[in-house]
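These notes are about the structure you will find just below.
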Amino acid sequence: MQIVKLSLKEANKIPIEADNINPDNFAGKTEEDIKTIPVWYGNGQYPLGDFFNVKVEGSDSVENVKLVFEGDVARVKRIGQNMSAGEIEINGNVDMHCGFGMKGGKIIINGDADSWLGCEMTGGEIILNGNASYYVGSGYRGEACGMRGGKITVNGNARDYLGEHMCGGEILVKGNVGLLPAISNNGGKIIIEGNATMPANEMKNGMVIIKGEVSDLLPSYKEEGTEEIEGTVYRKLVGDVNVGGKGVLLIR
Amino acid sequence: MPVIKDAVCSLCGSLCDDITVTVENNKITKIENACILGHSKFVGMLEHDRIETPMIRKNGELIPVSYEEAIEAAAKILVNSKRTLSYGWCSTSCEAVSGAIQLAEETGSVIDSTANVCHGPTALAAQEKGSPSATLGEIKNRADVIIFWGCNPVHAHPRHMVRYSSFSKGLFTEKGRKGRKMIVIDVRRTDTAKLSDKYVEIEQGSDLLLVTALRSIVNGHEDVIPETVAGVPKAEVIELAETLMNAKFVCIFFGMGVTQSRSKYKNGDAMSSLISDLNQHTKAVMIGMRGHYNVTGFGQVATWETGFPMAIDFARGYPYYNPGETGANDILVREEPDAAIIAAADPGAHFPQKAVRHLAKIPVIQIDPYPNPTTEIADVVIPAAVVGIEAEGTAYRMDAISLRMKKLIDSKFKTDEEIVKDLTAKVRELKRGA
Amino acid sequence: MSEILIKNASVCDPAQRINCETMDICIKDGKIVESVSANAKVINAEGRLTMAGGFDGHTHSAGKINVGRFINPNDSRKNLVPGLSGQVARTEKTRAQVGYNTPNTYAIGYRYAKLGYTTICEAAIPLLAARHTHEEFKEIPILDKMGLSLFGSNWQVMEYIRDKEPEKLAAYVAWGLRASRGYGIKIVNPGGGEAWGWGKNVSGLYDPVPNFDVTPAEILMSLAEVNERLKLPHSVHVHCNNLGKPGNYATTIETMKLFEKVKPSRDRQALHVTHVQFNAYAGTSWRDFETGAPMVADYINGANHLTFDLGQIIFGPAVTMTADGPVEYANARMMHEKWSNQDIELEDASGVVPLFYSPKSFVNAVQWAIGLELALLVKDPWKVMFTTDSPNGGSFVNYPEAFTYLMSAKRREEVISGFSKMALDRMVLPGIDRELDFYELAIMTRSIQSKMYSRPEKGNLKPGSDADIAIYDILPGKIDPSTEYEKMKKAFSGAAYTLKDGEIVVKDGEIEATPKGKIYWVNAKVPSAIDSAMQKDIDVKFRKYYTVSKANYMVEDVYLQKPVEITTEGVF
Amino acid sequence: MKIKVNLISGRTAAQGANLEAKTHKGYFDACAYCELSPVDLERLGASEGDSLKVNTEFGDVVVFAKTNEGNPEGLAFIPMGPWANAVLSPDTHGCGMPGFKGVPAEIEVTDEEPLDMKSLMKKYIEA
């Protein structure tokens with residue numbers, strides 16, 4: 001086991017871009033190695049050690065590496081980007097693109113996450129014990145596919161465009177979501193335990209279950225009876241008819 | 001006394017190019033063909049206050065300085081900044097935009113245009129679904145059904161309807177307004193709505209519901225439409241869809257009612273799909289009603305020079321784009337910038353107060369002909385010639401047709417293009433020196 | 001006075017029938033000369049293949065490509081050809097670069113230069129939007145540029161044809177070339193652009209254009225006549241009707257046949273047919289779709305009046321862009337893709353649609369084969385221009401990859417081995433063992449362009465020609481392209497040297513200098529009486545139908561960087 | 001009396017015509033007002049020219065009352081400009097666009113006068 005503890009020396013407003021901060025890049029590295037890893041801060045690159053206190057316990061291969069952020073990293077973007085294994089624990093809020101393109105491993109966030117959490121991830125798991133902002137599990141601008149695999153659990157609320165262009169994997173939101181969850185979906189499964197507005201616009205494929213209230217249901221779904229899941233009977237809607245969709249939207 | 005014909009009006013995105021300007025003793029004394037907006041701009045050259053001299057703020061007051069001093073002060077701000085916001089560049093020429101992009105690239109800045117608070121969502125929509133459009137002359141010559149959706153050309157583009165749309169006549173539209181159906185979809189009965197054949201009032205923020213319902217009908221799924229959509233009865237929605245399908249040529253002009261309301265760019269995204277679906281039955285296109293006369297030009301130049309139309313972050317030396325993250329308001333609201341350079345736009349007036357409050361805290365360089373709310377929070381103020389009147393250059397109309405703006409009178413002020421060039425040279429000098 | 005001596009180059013220059021001979025090349029003040037002084041800077045080219053700078057005679061790199069960039073921000077991150085794609089930070093010498101299929105203007109210049117290309121021809125300039133094309137040209141560094149102006153669905157053109165006014169038609173075309181600063185006549189899906197104004201298309205050469213009472217065949221023939229009357233340096237450049245449709249090879253051959261009776265007024269072809277891959281389809285639907293290349297190649301082998309280019313496809317993402325509006329709409333609907341459309345008032349249509357060519361799709365596999373079949377079945381390389389119709393068939397940065405297909409049967413087999421049986425049944429490529437040599441490749445990538453476009457100073461290494469030169473780190477004879485294709489691809493992907501007007505712009509595959517390129521445009525002279533009569537007609541067009549004043553229509557001189565005006569004297 | 005409204009902003013011809021003269025009174029007159037339906041104005045007990053205080057989650061601003069028969073009940077309009085922006089939403093909704101339309105607001109009659117442009121901007125510097 002290798003545990004790397006990171007804490008910000010002081011809070012920043014200009015974001016730090018941490019696309020190098022992941023277990024893959026830290027595995028087997030010493031404290032000194034890690035401190036010299038370059039990170040972007042505004043328009044310059046600086047050693048990670050300029051911003052973070054770094055403590056390393058042990059040395060191991062990537063599956064057995066755990067990164068722990070102590071305190072808020074609300075202005076540190078791209079933590080865990082492209083990680084393939086290992087674990088990241090964030091004890092505070094985290095900035096945009098956390099877990100972007102993640103392939104495996106696990107990220108636990110004990111705080112809120114800014115937009116693009118788990119964007120384009122293909123595997124692994126993200127557990128957010130706070131609220132998420134926009135575009136959980138979506139794709140980069142112009143892409144046809146967002147999240148393709150893995151699982152994101154949001155224990156709080158999420159805002160608009162949850163799972164936009166999702167092509168696979170699973171998103172579970174315990175709270176409410178904003179506008180247009182599951183928009184342009186082409187696969188995967190989304191479960192929303194709270195409320196949602198205008199869900200599943202242009203869904204081609206996949207499954208969306210909304211246990212709370214739905215506002216402004218889009219006029220592009222055919223109602224096809226009911227379906228019972230775990231003792232609850234849902235209205236079964238199929239569509240989106242405008243894209244010849246075979247997606248299933250279950251609502252109360 | 002020189003009379004200049006076919007001058008291009010540098011006010012709104014209609015970019016009317018038939019203005020006749022009379023100049024006497026280097027003063028514009030007569031304007032023909034311009035609307036109230038254009039007229040006020042040309043005449044404004046005589047009546048409005050100008051920023052008379054470069055200024056630097058000292059102890060809270062703006063003190064007159066020379067161009068050289070102002071440029072040096074501005075360059076120092078840029079060189080010392082780790083995250084500059086370069087914003088605006090829409091009421092200026094493409095040549096100035098090109099210079100601004102190079103400056104942003106060299107200083108690792110974020111550069112954004114006024115599309116950030118206007119048709120930015122239209123770009124995002126095009127990135128989802130494409131942009132099914134045409135030049136304005138196609139509408140003039142062919143369109144028999146015209147929709148104005150969430151826009152109010154009577155106020156924002158006063159000559160649009162006469163030159164390009166409702167009232168214009170063309171080869172296949174000899175009857176002009178009489179041969180056309182004009183539909184307005186909006187949340188309140190605007191002055192444009194009053195001129196329409198059909199006004200559809202929708203609940204504010206529910207555009208996406210109506211667009212989706214129209215798509216469902218056009219695609220043969222009338223059965224999924226509930227009794228009312230967006231506050232409009234089903235029968236009326238069906239009638240509207242049939243009007244579109246039975247037309248020979250449909251154009252939807254859309255404005256900020258579409259881009260700024262609840263579901264933002266997803267409205268334009270769905271509208272693109274509606275246009276595509278309609279083309280199974282007839283011919284249909286859509287055109288965004290662009291505000292600043294060259295906001296379209298910024299998008300064009302930025303796209304060919306950086307790959308992206310706006311919200312471009314050069315922090316890493318190459319362009320990165322992600323509105324929501326790299327837009328002017330995104331970074332201001334997050335209090336990221338430690339300096340700003342603002343030209344040919346007025347965020348002081350047009351950004352929400354939280355963004356303006358951050359601008360007020362950081363060094364701000366302003367380049368503009370006129371004082372405005374941004375001047376009140378600027379630290380270095382550099383006056384500029386008015387492009388399209390005192391300086392020539394290229395501008396793009398709302399339908400992406402570019403035109404050459406003329407220089408009509410001489411000016412003692414430097415042009416935006418010259419200022420940004422001087423500034424870039426000074427930045428290079430300071431960087432090399434350091 | 002700058003002098004360069006390229007020593008011991010292994011020169012391949014088909015224009016002079018030089019086939020990989022060791023010799024020196026002398027350069028003085030940007031031109032190739034017989035000899036230089038002892039002070040000349042020496043480039044040691046020993047063991048290196050040396051050719052004239054490449055000339056891409058049909059590429060989309062200014063104008064419509066901006067729509068491609070605009071709707072595909074995700075293209076910026078694509079780095080499928082490392083070194084020639086993706087995001088690259090600015091340096092002291094170069095501007096920032098992004099993209100793959102739709103790179104920014106700077107990347108276009110740098111990347112073509114790295115491939116050893118020095119001249120490009122933008123395939124479509126809409127007259128009304130020509131200013132935009134030239135604005136982009138200005139920001140494409142290094143390369144010389146020219147563009148072809150669209151006339152195939154133009155109201156004034158169709159009216160003059162209908163009203164049988166060939167002289168005024170010639171005057172109008174000459175004016176259109178001047179207005180747009182174009183180099184030649186481009187005809188895209190003749191008449192189809194106007195039909196698309198009503199959401200329709202024309203179905204073939206004899207289907208009348210709605211409201212204009214002319215047929216595509218008449219448009220083609222009348223514009224060909226104008227082309228020869230004006231003695232334009234290039235022939236008409238034709239994108240045939242029915243592009244992208246199964247069975248369209250018949251229309252293509254029919255179109256080619258029409259031109260047998262056209263007498264060229266200069267020493268060049270009477271017709272250039274572009275991206276024929278997209279127009280050489282047999283079958284009656286996508287179900288029984290198969291190659292039509294053998295029929296088209298057979299016809300071309302027996303014909304002497306035309307040249308064509310491939311429009312080879314490259315597997316992976318591409319962005320289609322064409323003035324063929326109805327085709328793009330059909331593409332977008334069929335593939336559920338983004339759809340951009342831009343109809344140009346009184347003149348033409350256009351569309352942009354991204355797509356993905358997959359070797360697993362039998363249609364795409366057959367398309368891939370058709371391009372190569374055309375190149376290999378047509379015997380005379382002087383009829384074949386190599387293109388991918390970038391980025392329609394794929395980005396130009398894949399040219400080195402495509403050269404390996406042309407030069408190595410083994411490489412082709414590798415690709416073909418991944419195809420389905422159904423795909424293999426619909427193509428003839430597996431039975432073709434022809435492999436091009438460097439001499440033939442040089443013809444298809446630089447020599448034919450010189451001839452086709454009447455630019456004798458381009459595409460060859462004769463004394464007096466522009467010193468646009470590519471030096472590649474391979475030696476014909478020492479490398480076997482049919483087996484060592486990876487090595488060959490690497491050499492073509494980053495020239496050891498590229499010289500532009502005698503200046504070293506690329507060294508060891510990296511950008512050394514970024515001079516500005518020239519712009520070629522054609523000023524065809526027309527008798528003033530005819531011109532005046534024509535002007536009266538277009539004055540009416542501007543007054544009644546255009547939304548832009550005539551005075552603001554012509555591209556002003558200020559937009560032309562280092563312009564080269566080519567004048568011709570028309571026959572009236 | 002307070003009424004709850006849905007607030008939008010947008011262009012007007014007068015705002016556009018005074019765009020390059022923002023230090024002048026013409027611009028103030030063109031932008032420092034709020035349009036309501038006659039019914040809403042009556043509910044407030046206000047008439048044209050009275051001062052209204054517009055409150056949202058994001059701030060408050062004093063503007064003049066105007067009536068517009070085209071407005072449906074419950075819809076308030078302030079022309080784009082610094083007065084509108086004092087109360088509109090800074091949230092960029094993940095796509096860069098602040099909330100310029102559809103902001104819930106409360107409106108009441110006030111004795112305060114609308115601030116001129118410079119005084120309004122001064123508040124930002126002082127804060």
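Order of the sequence lines fixes the chain letters, A, B, ..., with proteins taken first and strands second; residue numbering starts at 1 for each chain.
- Looking at Ala349(B), the atoms closer than 4.5 Å to chain D (heavy atoms on both sides) sit in the backbone and in the side chain alike.
- Most heavy-atom pairs under 4.5 Å with chain D: of the set Arg189(B), His39(B), His155(B), Arg262(B), this distinction falls to His155(B).
- For chain B, the nearby part of Ser89(D) is the backbone; its heavy atoms alone come within less than 4.5 Å.
- Side-chain contact between Thr23(D) and Asn372(B) is absent, with no heavy atoms from C-beta onward closer than 4.5 Å.
- Side-chain contact between Lys361(B) and Ile125(D): absent, with no pair of heavy atoms (C-beta onward) separated by less than 4.5 Å.
- Residue Glu73(D): no heavy atom, backbone or side chain, is found under 4.5 Å from chain B.
- Heavy-atom distances place no part of Pro158(B) under 4.5 Å from chain D, backbone and side chain included.
- If you tally non-hydrogen atom pairs under 4.5 Å between each of Asp368(B), Asp346(B), Asp112(B), Ile36(B) and chain D, the highest count goes to Asp346(B).
- Summarising the geometry, atom CG belonging to Leu19(D) is positioned 7.0 Å from atom OG belonging to Ser91(B); distances are rounded to the nearest 0.5 Å.
- For the 3.5 Å distance criterion, the side chains of Gln353(B) and Asn85(D) fail to qualify, holding no donor opposite an acceptor.
- Heavy atoms of His358(B) lying under 4.5 Å from chain D are absent altogether.
- At most 12 heavy atoms of other shown residues, nucleotides or ligands fall within 6.0 angstrom of atom CD in Glu42(D).
- If you measure heavy-atom distances from Glu201(B) to chain D, the contacts under 4.5 Å come from the side chain alone.
- Among Lys264(B), Lys194(B), Met310(B), Glu325(B), the residue making the largest number of heavy-atom pairs under 4.5 Å with chain D is Lys264(B).
- Interface remark: Asp91(D) contributes no atoms to any contact with chain B (heavy atom separation under 4.5 Å).
- Within 6.0 Å of the NZ atom in Lys118(D), the count of heavy atoms belonging to other residues, nucleotides or ligands does not exceed 12.
- The candidate with the highest count of non-hydrogen atom pairs below 4.5 Å against chain D, out of Cys12(B), Cys35(B), Ala311(B), Ala360(B), is Ala360(B).
- Both the backbone and the side chain of Asn71(D) come within less than 4.5 Å of a heavy atom of chain B.
- Between Glu376(B) and Lys122(D), no side-chain nitrogen of the basic residue sits less than 4.0 Å from a carboxylate oxygen of the acidic one, so the salt-bridge criterion is not met.
- The part of Gln15(D) that comes within reach of chain B is its side chain, from C-beta onward, which places non-hydrogen atoms under 4.5 angstrom from that chain.
- Ranked by heavy-atom pairs under 4.5 Å with chain D, the first of Asp191(B), Leu124(B), Ile377(B), Val187(B) is Val187(B).
- Your options are Pro82(D), Gly16(D), Gly74(D), and the one with the most heavy-atom pairs under 4.5 Å with chain B is Pro82(D).
- Side-chain contact between Phe100(D) and Pro352(B) is present, with heavy atoms from C-beta onward closer than 4.5 Å.
- For the options Met256(B), Lys354(B), Gln204(B), heavy-atom pairs under 4.5 Å to chain D are most numerous at Gln204(B).
- Considering only heavy atoms from C-beta on, Phe77(D) comes within 4.5 Å of Arg188(B) through its side chain.
- For Leu75(D), the part lying near chain B is the side chain, with the backbone staying farther off; criterion is any non-hydrogen pair under 4.5 Å.
- Of the atoms belonging to Val333(B), it is side-chain heavy atoms, and not backbone ones, that fall under 4.5 Å from chain D.
- Within 6.0 Å of CD on Glu57(D) lie no more than 12 heavy atoms contributed by other residues, nucleotides or ligands.
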Check: Is there a side-chain contact (heavy atoms from CB on, under 4.5 Å) between Arg11(D) and Asn152(B) once you walk through the steps?
Finding: CA-CA 8 Å; Arg11(D) 286 193 193 282; Asn152(B) 188 4; over 6 Å; no

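- Thr92(D) and Asn329(B) share no donor-acceptor pair across their side chains, judged by distance under 3.5 Å alone.
- Within the 4.5 angstrom heavy-atom criterion, only backbone atoms of Phe58(D) (N, CA, C, O) approach chain B.
- For chain B, the option among Lys22(D), Glu20(D), Met121(D) with the highest count of heavy-atom pairs below 4.5 Å is Glu20(D).
- Met97(D) has its side chain out of reach of Asn116(B): every pair of non-hydrogen atoms, C-beta onward, lies at least 4.5 Å apart.
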